[in-house]
Protein chains: 2
Amino acid sequence: MRGGRLPRNLDRYAVHVVDRALDVLETLRDSGRPVRLQDVAQRLPIAKSSVFRLLCTLERRGYVDRTPDNLYRLGAHWLSYRDLAGKHPPLTEISVPHMRRLLDAYGETVNLGVLREGKIVYLEMLESAHSFRMAAAAGTISPVHSTALGKAIAAFLPESVIDATIRRRGLPALTPRTITSRAAWKRELARTRVRGYAEDNGETEPEVTCIGAPIFGFDGNVIGAISVSGPASRMRSIRQRVARAAVDACAAISRALGPASERRAQRGG
Amino acid sequence: MRGGRLPRNLDRYAVHVVDRALDVLETLRDSGRPVRLQDVAQRLPIAKSSVFRLLCTLERRGYVDRTPDNLYRLGAHWLSYRDLAGKHPPLTEISVPHMRRLLDAYGETVNLGVLREGKIVYLEMLESAHSFRMAAAAGTISPVHSTALGKAIAAFLPESVIDATIRRRGLPALTPRTITSRAAWKRELARTRVRGYAEDNGETEPEVTCIGAPIFGFDGNVIGAISVSGPASRMRSIRQRVARAAVDACAAISRALGPASERRAQRGG
DNA sequence: CTCGCATGTTTCAGTGAATGAAACTGACGT
DNA sequence: ACGTCAGTTTCATTCACTGAAACATGCGAG
């Protein structure tokens with residue numbers, strides 16, 4: 001490796017305004033429809049005039065569009081990122097039908113994720129219809145060590161890769177239940193390997209339970225995982241069935257990815 | 001319309017840091033491959049430590065990824081914008097083959113654009129192989145009044161829409177040759193209507209000539225345009241042939257777009 | 001027609017935060 | 001072991017971001 005040591009505090013160097021600008025963009029993205037300046041200001045802890053300036057900046061660069069009646073939405077400049085944002089890798093296409101079946105059967109949010117740069121990236125996310133549900137956009141990042149997706153993947157990764165990942169990202173506590181000791185985490189991975197699926201019992205977010213199962217590529221290496229997540233209260237009773245169903249779904253996906261796939265399905269870590 | 005009057009100076013309110021952050025993102029995007037912090041700093045007039053902070057901020061939000069050996073590239077969070085960025089409207093799909101034919105025939109950059117919020121948005125862009133060429137990313141924004149794309153579209157738009165656009169965007173001078181008088185611009189549109197294609201003779205960028213032709217939707221309304229652009233020196237000799245070829249290509253696209261239709265023709269008005 | 005309200009625009013002065021330079025830390029090659 | 005290189009961290013300066021409040025404008029009520 002080149003250069004100095006890796007950073008300690010990522011947050012230490014965050015630039016305030018840029019963070020806010022991203023908040024504005026994500027607000028527009030999540031609104032779905034054009035919104036008024038004031039709506040944005042209201043949803044974020046930012047003064048109206050500041051939102052105004054941020055929107056001006058983003059509009060000038062084409063990242064934001066303004067309609068004639070002063071409604072804002074994401075602009076055309078996003079097109080220039082389509083090669084990165086628009087790619088639907090075969091993994092996603094193959095997985096979605098299976099994910100939908102899981103969602104229909106249990107009514108809880110279903111996620112598809114892969115490992116990238118030592119973190120879990122959500123590629124797809126089918127949301128539960130429950131008003132109290134896990135929800136996030138595709139592209140969201142989560143840590144490996146606390147999530148069911150992460151454990152499902154890590155459990156079937158070579159020891160060396162796991163060690164490198166931990167060395168790089170550590171085992172930060174996200175909730176009181178997060179596993180923070182290296183030994184305990186290794187034991188958790190062993191348990192996961194044995195039963196074939198992973199659990200996250202409020203280790204990433206309090207009161208949220210996830211069940212995750214691994215997806216294997218044509219060469220037998222783990223390339224991703226699917227998880228079902230919901231409030232602990234609802235998940236408790238269906239945990240066993242969900243686990244079995246998730247494992248079955250992932251097995252089916254792995255089979256579908258099969259020997260035919262010449263392509264490297266996804267980038268691993 | 002609600003709210004106060006429209007803004008005078010868009011630039012007046014630009015937030016410096018946000019602009020820089022966007023510069024960094026676009027640098028990563030345009031690099032194509034992972035790059036070092038220092039490379040980014042070198043390409044932009046920003047100090048190394050500032051680039052570092054911006055990259056930290058963007059990384060924390062998932063918009064930037066860092067490889068284990070400290071190379072930066074765009075991150076997974078772009079996935080969350082795929083619904084906006086990934087859309088390939090039928091217009092693009094149908095147009096690209098025709099555009100490629102133009103590129104092959106004349107060797108100059110071919111653009112596809114539409115009108116959105118009073119500005120020209122580039123949907124697709126096939127780049128000339130010449131080292132001296134027009135080049136920009138899809139999603140780029142340009143003004144209507146100076147570009148061949150803009151004129152080709154505006155010429156076939158209802159007068160009221162044109163007026164509204166000018167009222168909204170004005171006729172700012174981009175080069176000494178830009179048409180800045182409303183009357184002159186109207187005459188230019190009339191000329192465009194008569195001959196069926198538009199020209200931009202260094203009105204957007206000095207020494208750059210563009211030839212643009214309109215694309216009509218199934219209902220006969222103009223929905224976009226294609227242009228061929230290159231240095232004035234090379235364009236001079238092929239202008240006539242390019243114009244004819246562009247008009248033919250657009251006619252073919254218009255036909256392919258819709259069942260109905262004899263489009264409102266070259267000589268109409 | 002006038003008034004009042006809602007919304008976006010602009011100004012302003014304080015201050016918090018972004019800035020570049022330079023010192024520092026490790027890693028790697030020699 | 002040392003020199004070099006690239007990323008990290010610190011720091012004092014000052015710039016520009018900040019929120020509040022005033023302003024402009026459009027709309028609807030009365």
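Chain naming here is simple, since letters A, B, ... match the order of the sequence lines and numbering starts at 1 in each.
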Under the side chain to side chain contact (heavy atoms under 4.5 Å, CB included) test against A:L44, which residue among A:D39, A:V51, A:V24 passes?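 With A:L44 as partner, side chain to side chain contact (heavy atoms under 4.5 Å, CB included) holds for just one option, A:V24.
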With sequence neighbours left out, which residue pairs that include part of residues 24-35 of chain A fulfil the salt bridge (charged side-chain N to carboxylate O under 4.0 Å, His left out) condition?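 Every salt bridge (charged side-chain N to carboxylate O under 4.0 Å, His left out) pair that includes a residue of residues 24-35 of chain A, provided the two are not neighbours, is A:E26-B:R61.
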Donor-acceptor pair (no angle test) under 3.5 Å: B:S49 side chain, C:dA21 base: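 Under the 3.5 Å cut-off, the side chain and the base do form a donor-acceptor pair.
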Is the base of D:dG7 touched by the side chain of B:K48 through a donor-acceptor pair closer than 3.5 angstrom?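 Flag set: donor-acceptor pair detected.
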Applying side chain to side chain contact (heavy atoms under 4.5 Å, CB included), name anything that partners A:S50, two or more places apart in sequence or on another chain.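 Only A:R20, A:I46, A:A47, A:R53 meet the side chain to side chain contact (heavy atoms under 4.5 Å, CB included) criterion with A:S50.
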Under the side-chain hydrogen bond (donor to acceptor under 3.5 Å, both in side chains) test, residues paired with [X] that sit two or more places apart:
X: A:S146; value: A:T204
X: B:T180; value: none
X: B:R116; value: A:D65

Go through B:F216 and B:F156 one step at a time and tell me if the ring pair (Phe, Tyr, Trp, His ring centres under 6.0 Å) criterion holds. CA-CA 9 Å; B:F216 298 91; B:F156 296 96; 5.3 Å; yes
Which pairs pass ring pair (Phe, Tyr, Trp, His ring centres under 6.0 Å) with one or both residues in residues 169-190 of chain B, sequence neighbours excluded?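 Checked against ring pair (Phe, Tyr, Trp, His ring centres under 6.0 Å) - neighbours excluded - no pair reaches residues 169-190 of chain B.
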Could you tell me the separation between the [atom1] atom of [X] and the [atom2] atom of [N], rounded to a whole number of Å?
X: B:R36; N: D:dG7; atom1: CZ; atom2: P; value: 6 Å
X: B:E59; N: D:dG7; atom1: CD; atom2: P; value: 13 Å
X: B:F52; N: C:dC24; atom1: CZ; atom2: P; value: 17 Å
X: B:D39; N: D:dA6; atom1: CG; atom2: C1'; value: 10 Å
X: B:Q38; N: D:dC5; atom1: CD; atom2: P; value: 10 Å
X: B:L54; N: D:dT9; atom1: CG; atom2: P; value: 16 Å
X: A:L55; N: C:dG8; atom1: CG; atom2: C1'; value: 11 Å
X: A:N70; N: D:dA24; atom1: CG; atom2: P; value: 18 Å

When the C1' atoms of the five terminal pairs at each end define the local axes, what inter-axis angle does the helix from C:dC1-D:dG30 to C:dT30-D:dA1 show, to 10 degrees?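 Between the axes fitted at each end of the helix from C:dC1-D:dG30 to C:dT30-D:dA1 lies an angle of 40°.
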Test: side-chain hydrogen bond (donor to acceptor under 3.5 Å, both in side chains). Region: residues 40-49 of chain B. Which pairs qualify, not counting sequence neighbours?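 Checked against side-chain hydrogen bond (donor to acceptor under 3.5 Å, both in side chains) - neighbours excluded - the pairs reaching residues 40-49 of chain B are B:S31-B:R43.
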Closer to the 5' end of DNA chain C via nearest nucleotide, is it B:A47 or A:Y72?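 Nearer the 5' end of the strand: A:Y72.
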All N/O pairs under 3.5 Å across the protein-nucleotides 13-17 of chain D interface:
residue: D:dC17; atom: OP1; partner: B:H16; partner atom: N; Å: 3.1
residue: D:dC17; atom: OP2; partner: B:H16; partner atom: N; Å: 3.4

